[in-house]
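Here's the structure, in structure tokens; my notes come after.
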Amino acid sequence: MSDHYAVVGYPIAHSKSPLIHRLFAEQTGQDITYEAILIDSDEEPFAAAIHQLRQMGYKGLNVTLPYKLDAFELAQTHTERAQIAQAVNTLIFHDDGTIEGDNTDGAGLVMDIRDLAGFPIAGQRILIIGAGGAVQGVLKSLLDEQPASIRIANRTAARAVALAKRFQQEAIPISGGDFSALSELPAFDLIINGTSASLQGKVPPIPPSVLHPHSLVYDMMYAPTPTPFMQWAQQHQPDCTVRDGLGMLVGQAAESFWRWRHIRPNVADVLHQVRRYITSSG
Ligand code: ATR
């Protein structure tokens with residue numbers, strides 16, 4: 001009999017996770033089902049819905065907005081990376097009844113930038129825009145790659161400063177500030193947009209001086225066409241490389257799949273198929 005998995009969230013209808021996991025399963029010959037399940041917490045508390053799915057025999061779940069913090073609270077044990085992110089996107093239902101929480105977002109981002117885009121993170125000067133949950137979830141994975149430095153820029157400077165302080169370690173300088181302070185700094189090698197501005201069709205007002213011709217400009221959002229942030233970068237620095245977050249989505253899914261099935265799918269192959277699907281379906 002197949003093992004059952006799902007992604008839960010609100011809304012969930014447009015999630016690409018079922019497509020991605022079905023492609024992984026096909027590719028690796030794993031006998032699983034994977035669907036998208038809407039949890040409306042006005043009708044049923046998140047924890048009750050999760051326990052019900054566990055009782056129905058599900059082996060694990062992906063958790064997306066707005067439940068990553070609820071999932072963190074619900075899990076009885078956490079991986080170190082979930083503990084540091086204070087958020088959970090992957091639940092593992094162990095046979096002894098315990099629920100483990102993991103966070104595979106940072107691993108997905110690194111997999112995409114380092115392995116799929118072929119851009120080395122080690123030794124690079126990184127600029128991260130945003131200081132919310134999305135950024136908090138990936139900082140540890142980026143630091144583990146040993147960049148030269150990390151600057152966090154946020155609309156609300158205090159959040160960036162606080163986050164930088166939390167992740168400060170001796171070997172890698174990490175600092176925070178607002179957007180305007182960026183004009184006093186040299187250009188960056190890797191620029192990652194982790195704000196939710198793209199969702200509103202907006203671009204954070206950062207100075208184009210952060211770009212250089214060999215920068216990789218990365219938007220954690222993805223879309224059938226280049227996001228506003230990617231368009232902004234290409235207008236100001238036509239030679240830079242731009243990339244959206246679809247590879248991060250496939251990468252974090254692959255890491256969840258690995259946690260559940262102990263098999264690593266071929267991420268590049270599945271990313272190619274998902275990109276084709278997204279481009280053709282608009
Ligand atoms: P998430 O979990 O998606 O990170 P969040 O914790 O609400 O959500 O954080 C959203 C991030 O996007 C924040 O860094 C926010 O900036 P503030 O801390 O100043 O609120 C940023 N953000 C949202 N809309 C933005 C916009 N239009 N321009 C710039 N930054 C924006």
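For reference, positions follow the sequence shown, starting with 1. Computed from a predicted model, the values in this text were never measured in an experiment. Atoms within a ligand are numbered from 1 in the order they appear, just like the ligands themselves.
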>> Within the 4.0 Å heavy-atom shell around Ala134, which atoms of ligand 1 are there?
In response: 1 (P), 2 (O), 4 (O)

> Quick one: which ligand 1 atoms are inside 4.0 Å of a heavy atom on Gly130?
Replying inline: 14 (O)

>> Just by distance, no angles: are the side chains of Tyr34 and Asn62 close enough, under 3.5 Å, to form a donor-acceptor pair?
In response: yes

>> Among all protein heavy atoms in this structure, tell me which lies nearest to atom 19 (O) of ligand 1, with the distance rounded to 0.1 Å.
In response: Thr156 OG1, 2.5 Å

>> As an exercise, state the distance from CG of Asn103 to NZ of Lys140, rounded to the nearest 0.5 Å.
In response: 12.0 Å

>> List ligand 1 atoms under 4.0 Å from Ala197, heavy atoms only on the residue side.
In response: 25 (C), 26 (C), 27 (N), 28 (N)

> Taking the six-membered ring for Trp, are the ring centroids of His21 and Tyr5 within less than 6.0 Å of each other?
Replying inline: no

> Which bit of Asn154 is near ligand 1, meaning a heavy atom under 4.0 Å away: side chain, backbone, both or neither?
Replying inline: side chain

> For atom 10 (C) of ligand 1, what is the nearest protein heavy atom, given as residue, atom name and distance?
Replying inline: Ser196 OG, 3.5 Å

> Which residue owns the protein heavy atom closest to atom 9 (O) of ligand 1, what's the atom, and how far is it?
Replying inline: Gly132 CA, 3.5 Å

> Hey, does Leu65 come in under 3.5 Å of ligand 1, counting only N/O atoms on both sides?
Replying inline: no

> Near Arg159, which atoms of ligand 1 are under 4.0 Å from a heavy atom of that residue?
Replying inline: 6 (O), 13 (C), 17 (P), 18 (O), 20 (O)

> Among side-chain atoms of Asp244 and Thr227, is any donor-acceptor pair under 3.5 angstrom?
Replying inline: no

> Which residue holds the protein heavy atom closest to atom 21 (C) of ligand 1, what is that atom called, and what is the gap in Å?
Replying inline: Thr195 CB, 3.7 Å

>> Go through it in stages, so that I can follow the logic: the residues are Arg259 and Thr79, the test is side-chain contact (heavy atoms from CB on, under 4.5 Å), and I'd like the CA-CA distance, side-chain angles, deciding distance and then a yes or no.
In response: CA-CA 11 Å; Arg259 286 304 323 275; Thr79 57; 3.5 Å; yes

> Among Gly194, Ala158, Gly133, which residue places a heavy atom closest to atom 8 (O) of ligand 1?
Replying inline: Gly133

>> To check you understand the geometry: which heavy-atom pair defines the closest contact between Met221 and Ser196, and what is its length?
In response: CE-CA, 4.1 Å

> Any side-chain donor-acceptor pair under 3.5 Å between His94 and Glu100?
Replying inline: yes

>> Could you work out, for atom 20 (O) of ligand 1, the closest of Gln200, Arg155, Met220 by heavy-atom distance?
In response: Arg155

>> Is it true that, when you exclude Lys59 itself, more than 12 heavy atoms of the residues, nucleotides or ligands shown sit nearer than 6.0 Å to its NZ?
In response: no

